[in-house]
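Structure first, then comments.
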Amino acid sequence: MTPQIYLFILLSISSCFGCFFCQSILPKIEEDIEKLKADFNSSQPDVADGGSIFTERLKSWTETTEKKIILSQIISMYLKMFENIVPDTSKLHVENIHNALYTLSNSLTESFKKVNDLMELARLPMNDLKIQRKAVNELFPTLQKLLLDHPTTHVKRKRSQSQKRKCRC
């Protein structure tokens, strides 16, 4: 990955966790990331092939709570990556980055739970009759919750439909 991508991710993370992180840890982490990039020889031209891995996905997540969810998942992916490269923990910069990521992941525990909820939903066998029965029983409360949480979209739609009807007369 390019230096801009690393910096963008770190700045995105720091924006979610306030200025303290940015002022105290970010400059040191940036130096450590530069060393890590040298270890990985990430200035090779093939790094840019296929576009970015994480930064493109961040663009559509605009709300702060949404960003925390996607950033928690990105941090977990980095931690998985570090599990594979950590055998060389003798390098202080690798250990520093890993510790910073681990600290950030601890502050995102609620977001991790939300990501796990999403993954569990994706794994539900919706062709199972028992699951379908449960889902049908929960359909009305789910729709009710959705409509009560977002009444403006429902009202807007009604208004636009009524205006269309008036125009046809």
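Every heavy atom of this structure was used, including side-chain atoms; hydrogens, water molecules and symmetry mates were not.
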Next item on the list: Please answer whether the main-chain N or O of Thr62 pairs with a side-chain N or O of Glu66 as donor and acceptor at a distance below 3.5 Å.
Entry: yes
Notebook entry, point to check: Going by heavy atoms in the side chains, are Val94 and Lys35 under 4.5 Å from each other?
Noted result: no
Next item on the list: Begin from the C-alpha positions of Asp39 and His93 and carry the test side-chain contact (heavy atoms from CB on, under 4.5 Å) through to its verdict.
Entry: CA-CA 10 Å; Asp39 292 346; His93 63 278; 2.6 Å; yes
Next item on the list: Apply side-chain hydrogen bond (donor to acceptor under 3.5 Å, both in side chains) to Asp32 and list each qualifying residue two or more places apart in sequence or on a separate chain.
Entry: Lys28, Asn96
Next item on the list: Quick one: pull up CZ in Arg133 and CG in Leu129 and give me the separation to the nearest 0.5 Å.
Entry: 4.0 Å
Next item on the list: May I ask you to decide whether Lys113 forms a salt bridge with Asp117, counting only side-chain N to carboxylate O separations under 4.0 Å?
Entry: no
Margin query: Looking at Glu34 and Lys37, is there a salt bridge between them, counting it only when a charged N and a carboxylate O are closer than 4.0 Å?
Written below: yes
Next item on the list: Compute the centroid of each ring, for Tyr102 and then for Phe82, and state whether the two points are separated by less than 6.0 Å.
Entry: no
Notebook entry, point to check: Within a strict 4.5 Å, meaning less than it, do heavy atoms of the Phe54 and Met77 side chains meet?
Noted result: yes
Margin query: What's the separation between atom OH in Tyr78 and atom CD in Glu83, rounded to the nearest 0.5 Å?
Written below: 15.0 Å
Item checked: Under 3.5 Å donor-acceptor, Glu56 side chain and Gly51 backbone -> no
Next item on the list: Determine, step by step, whether Leu58 and Leu71 satisfy the side-chain contact (heavy atoms from CB on, under 4.5 Å) criterion, reporting the C-alpha distance in whole Å, the side-chain angles of both residues, the deciding distance to 0.1 Å, and the verdict.
Entry: CA-CA 8 Å; Leu58 285 171; Leu71 286 170; 3.7 Å; yes
Margin query: Are Gln144 and Leu148 packed together at the side-chain level, in the sense that at least one heavy-atom pair is separated by less than 4.5 angstrom?
Written below: yes
Margin query: Check whether Ser107 reaches the backbone of Leu104 with its side chain - one donor and one acceptor, N or O, closer than 3.5 Å.
Written below: yes
Check: Does Asn41 have any side-chain contact (heavy atoms from CB on, under 4.5 Å) partners at least two apart in sequence or in another chain, and if so, which?
Finding: Ser43, Gln44
Note to self: Does any part of the side chain of Ile74, heavy atoms only, come nearer than 4.5 Å to the side chain of Ile70, both counted from C-beta?
What the structure shows: yes
